[in-house]
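Written below as structure tokens is the structure these notes are about.
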Amino acid sequence: MARTVARVIVDALEELGVRHVFGVVGDALNPLTDAIRTTDGLTWVGCRHEEAAAFAAGAQSQLSGTLGVCMGTVGPGSVHLLNGLYDAAKSRTPVLAICGQVPLAEMGSDYFQEVDNDLLFRDVAVHRATVTSPDQMPRMLETAVRAAVTRGGVAVLTVPGDLGDQELTDDRPARFTLERAVTRPDEPALAEAAELLNAASRVTLLVGRGARDARTEVLRTADLLSAPMVLTLKAKEGFEGDNPFQVGQTGLIGNPAASHALDHGDVLLMLGTDFPYREWYPKDCKVVQIDAREEHLGRRVPVDVGLAGDVGATLRALLPLLKEVPDRAHLDDARERFLRWEEGGRRLADPGHERRWTGKLRAVLDNPDHEIRPEALAAAVDAYAAEDAVFTSDTGMATVWLSRFVAMRGTRRLIGSYNLGSMANAMPQAIGAQLWAPDRQIVAFCGDGGLGMLLGDLMTLATYRLPVKLVVFDNRRLGMVKLEQEQAGLPEFGTELDNPDFAAVATALGLTGIRVTDPADLHDSVRRALDTPGPVLLDVLTNPEEVAVPGKPTVAQGWGFAIAKVKEILPTREN
């Protein structure tokens with residue numbers, strides 16, 4: 001018996017091991033969603049917004065390393081997918097978006113809800129195509145999936161609404177060849193890199209997520225070269241736990257030890273990272289970069305030797321050529337600075353900090369109402385969360401506090417919108433994560449601005465009884481924007497949020513809501529939230545004036561902050 005276009009697609013997704021398809025139902029998708037309804041191995045997850053569906057699919061792809069799938073119906077439904085798909089594209093994770101379209105005969109007529117999907121998704125997708133005949137299947141599906149997986153990106157397949165239930169004349173099954181090549185540089189390039197590294201006395205590593213499958217080789221390299229290891233945020237997962245070489249992150253979310261390690265090395269060895277912030281790279285040092293993507297070599301900082309290849313394969317070939325560096329002074333100095341900085345952070349996150357004279361003095365300046373410090377909230381979650389928890393974080397200050405106070409020890413995982421930098425990603429990514437790992441604890445670090453943007457998908461958590469724990473840093477602000485304004489000498493403007501009681505909203509929607517306003521209740525509330533079955537929203541009112549000092553603060557930033565505070569105060573006094 002011949003199969004329909006929709007049945008061919010759904011059967012192929014099941015064969016690929018896809019377990020969930022995220023989206024919002026609509027008429028153009030009806031043949032597809034009906035095929036999913038009658039397929040035991042595939043579950044339709046109905047979200048309240050297609051953007052959330054795309055974020056959830058991308059989260060599953062990042063965590064599993066396999067294909068994520070989302071759907072959007074004709075016109076606006078497909079448009080709503082865009083932001084989540086951009087996040088997947090920037091994260092270089094494979095996602096297939098299946099989009100509805102107007103009937104074939106109406107395409108090009110400016111029909112109701114018609115959108116040119118091939119044009120719409122041109123920038124975000126590594127592959128896009130519109131099915132115009134059932135006989136194009138399953139070839140067009142195979143091409144789309146192969147492009148998404150092998151190129152690490154988004155593929156968009158558009159299916160007109162009247163095509164999904166049409167039958168194929170040649171009903172062959174879909175076949176997928178999805179192996180990705182593992183390459184390494186040739187011998188002369190390796191020898192050149194080894195010569196440069198062997199001539200150095202102080203090597204610093206900058207390690208990114210592209211090295212995640214080469215942990216053993218990276219640690220061996222750091223040990224052999226006595227090199228401190230600076231991590232990008234995306235490298236926290238996989239390299240932070242049980243690592244005697246790591247000194248945390250650099251950049252605005254970083255710490256002084258990482259900045260010092262970068263600035264005082266004579267060779268920088270970059271491993272699987274495209275860290276974008278040029279101003280945080282060291283000056284006047286040699287650079288060796290290893291990256292699987294040749295176009296990344298030298299893109300952020302000039303390199304002396306660029307090696308295009310898989311990090312693990314390249315290091316396995318390079319390590320026998322390297323000489324051991326017996327002098328560990330550079331490493332020891334960086335580690336001592338890092339441990340001192342960590343200890344300072346622990347003191348600030350201690351709930352009893354503001355009862356000490358140093359805490360009382362600081363509170364007069366930045367926390368006169370003695371509200372809960374976000375550092376304390378992040379540290380409490382770190383203390384009580386499971387050793388195999390999966391964390392997601394919203395872009396902004398929630399990510400800052402997670403990066404500094406939550407350790408990726410054990411088998412913890414971490415994802416966020418760390419390349420696109422979107423708001424509102426943490427909660428929908430947590431939806432995808434929880435469905436991917438139903439037996440693991442999923443903790444979302446939500447900014448109040450991000451949560452409010454896609455608030456409706458709290459109902460998705462309730463509908464599917466997903467036991468996600470949402471931790472809301474409720475400072476009634478767009479905190480990162482506030483900090484950026486003040487560092488530039490501008491008074492805070494447009495960042496204040498008139499928030500509801502998020503815990504009460506969550507309760508009304510069928511979740512467990514817990515609201516915390518007193519620092520003395522923080523630890524008990526965090527424990528209760530993490531131990532309560534089912535979905536929980538922990539709404540913690542945090543200090544809106546908290547400042548995250550970067551690893552290498554400048555005089556200009558300090559002066560700008562002072563000027564901004566004067567501008568903020570003066571109008572109040574005049575009134």
Side-chain angles (χ1 to χ4, degrees), residues 59-66 91 93 205 207-220 222-223 228-249 253 255 258 271-272 312 335 338-339 341-343 345-346 349 375-394 398-416 418 426 429-446 466-471 523 526-533 536 538:
Q60 284 204 343
S61 176
Q62 289 187 64
L63 291 166
S64 68
T66 59
S91 298
T93 199
L205 307 186
V207 179
R209 193 173 182 181
R212 62 185 169 180
D213 295 327
R215 176 182 165 92
T216 299
E217 292 86 354
V218 173
L219 292 179
R220 173 62 184 139
D223 188 26
M229 186 186 304
V230 179
L231 307 178
T232 67
L233 177 59
K234 294 174 74 173
K236 270 176 69 75
E237 176 198 309
F239 287 100
E240 188 170 53
D242 192 25
N243 182 351
F245 307 103
Q246 70 96 7
V247 294
Q249 285 92 61
I253 65 172
N255 70 79
L271 302 175
R335 284 287 294 175
F338 177 62
L339 295 174
W341 176 81
E342 277 197 318
E343 177 58 30
R346 281 192 291 269
E375 298 96 329
L377 172 56
V381 174
D382 176 61
Y384 301 122
E387 295 298 286
D388 67 345
V390 179
F391 292 87
T392 67
S393 69
D394 272 335
T399 288
V400 173
W401 308 128
L402 182 144
S403 73
R404 295 185 175 187
F405 293 95
V406 177
M408 291 297 111
R409 58 181 177 269
T411 56
R412 288 177 170 180
R413 300 290 304 271
L414 173 63
I415 58 173
Y418 301 142
Q429 286 182 328
I431 291 172
Q434 190 71 82
L435 287 163
W436 169 73
D439 296 327
R440 291 175 72 166
Q441 186 181 74
I442 311 297
V443 183
F445 272 42
C446 300
L466 300 177
V468 169
K469 313 308 178 191
L470 304 173
V471 179
H523 277 251
V526 170
R527 268 196 300 260
R528 180 157 65 96
L530 294 176
D531 291 342
T532 298
V536 179
L538 181 68

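Just so it is clear, the model here is predicted, and its values are computed rather than measured.
In this structure, Leu530 and Val443 have side chains that are in contact, with non-hydrogen atoms separated by less than 4.5 Å. The shortest distance between side-chain heavy atoms of Val406 and Phe445 falls below 4.5 Å. The shortest distance between side-chain heavy atoms of Lys236 and Leu233 falls below 4.5 Å. Residues Val218 and Phe239 are in side-chain contact: their nearest non-hydrogen atoms beyond the backbone lie under 4.5 Å apart. Residues Val381 and Lys469 are not in side-chain contact: their nearest non-hydrogen atoms beyond the backbone lie 4.5 Å or more apart.
With hydrogens and angles disregarded, a donor-acceptor distance shorter than 3.5 Å links the side chain of Arg412 to the backbone of Ala407. Checking side-chain atoms of Asp394 against main-chain N and O of Ala426 turns up a donor-acceptor pair under 3.5 Å. Not one N or O on the side chain of Gln434 forms a donor-acceptor pair closer than 3.5 Å with the backbone of Leu466. With hydrogens and angles disregarded, a donor-acceptor distance shorter than 3.5 Å links the side chain of Arg335 to the backbone of Pro244. Between the side chain of Gln60 and the backbone N or O of Gly432 there is at least one donor-acceptor pair closer than 3.5 Å. Distance alone, capped at 3.5 Å, places no donor-acceptor pair between the Lys234 side chain and the Gly210 backbone. Put simply, the side chain of Asn255 gets close to the backbone of Val247: a donor and an acceptor are under 3.5 Å apart. Under a 3.5 Å cut-off, the side chain of Glu240 and the backbone N or O of Met408 do form a donor-acceptor pair.
Between Ala379 and Phe405, the closest heavy-atom pair is N-CB, 4.0 Å. Closest approach of Leu219 and Met229 over heavy atoms only: CD2-CE, 3.9 Å. Ala433 approaches Ala59 most closely through the heavy-atom pair N-CB, 4.5 Å. For Thr232 against Gln249, the heavy-atom pair with the smallest separation is C-CG, 3.9 Å. Minimum heavy-atom separation, Ala214 to Gly312: CB-CA, 3.5 Å. Nearest heavy atom pair, residue Ala385 against residue Phe391, reads CB-CZ, 3.8 Å.
Every residue two or more places apart in sequence or in another chain that forms a side chain to side chain contact (heavy atoms under 4.5 Å, CB included) with Arg212 is listed here: Arg209. Residues that satisfy the ring pair (Phe, Tyr, Trp, His ring centres under 6.0 Å) test with Phe338, not counting sequence neighbours, are absent from this structure.
For the atom pair Asp242 CG and Arg409 CZ, the distance stands at 12.5 Å (nearest 0.5 Å). The distance from the CG atom of Asp388 to the CZ atom of Arg440 is 5.0 Å, given to the nearest 0.5 Å. Remark: Ile442 CD1 to Gln429 CD distance equals 11.5 Å, nearest 0.5 Å.
With respect to Asp382 and Arg404, no salt bridge is recorded, no charged nitrogen being found less than 4.0 Å from a carboxylate O. Using a 4.0 Å cut-off between charged nitrogen and carboxylate oxygen, Glu343 and Arg346 count as a salt-bridge pair.
Among Leu414, Ile415, Thr392, the one residue that satisfies the side-chain contact (heavy atoms from CB on, under 4.5 Å) test with Gln62 is Ile415.
For Thr93 and Ser91, the side-chain atoms include no donor-acceptor pair closer than 3.5 Å. Residues Tyr418 and Ser393 bring a donor and an acceptor atom of their side chains to less than 3.5 Å of each other.
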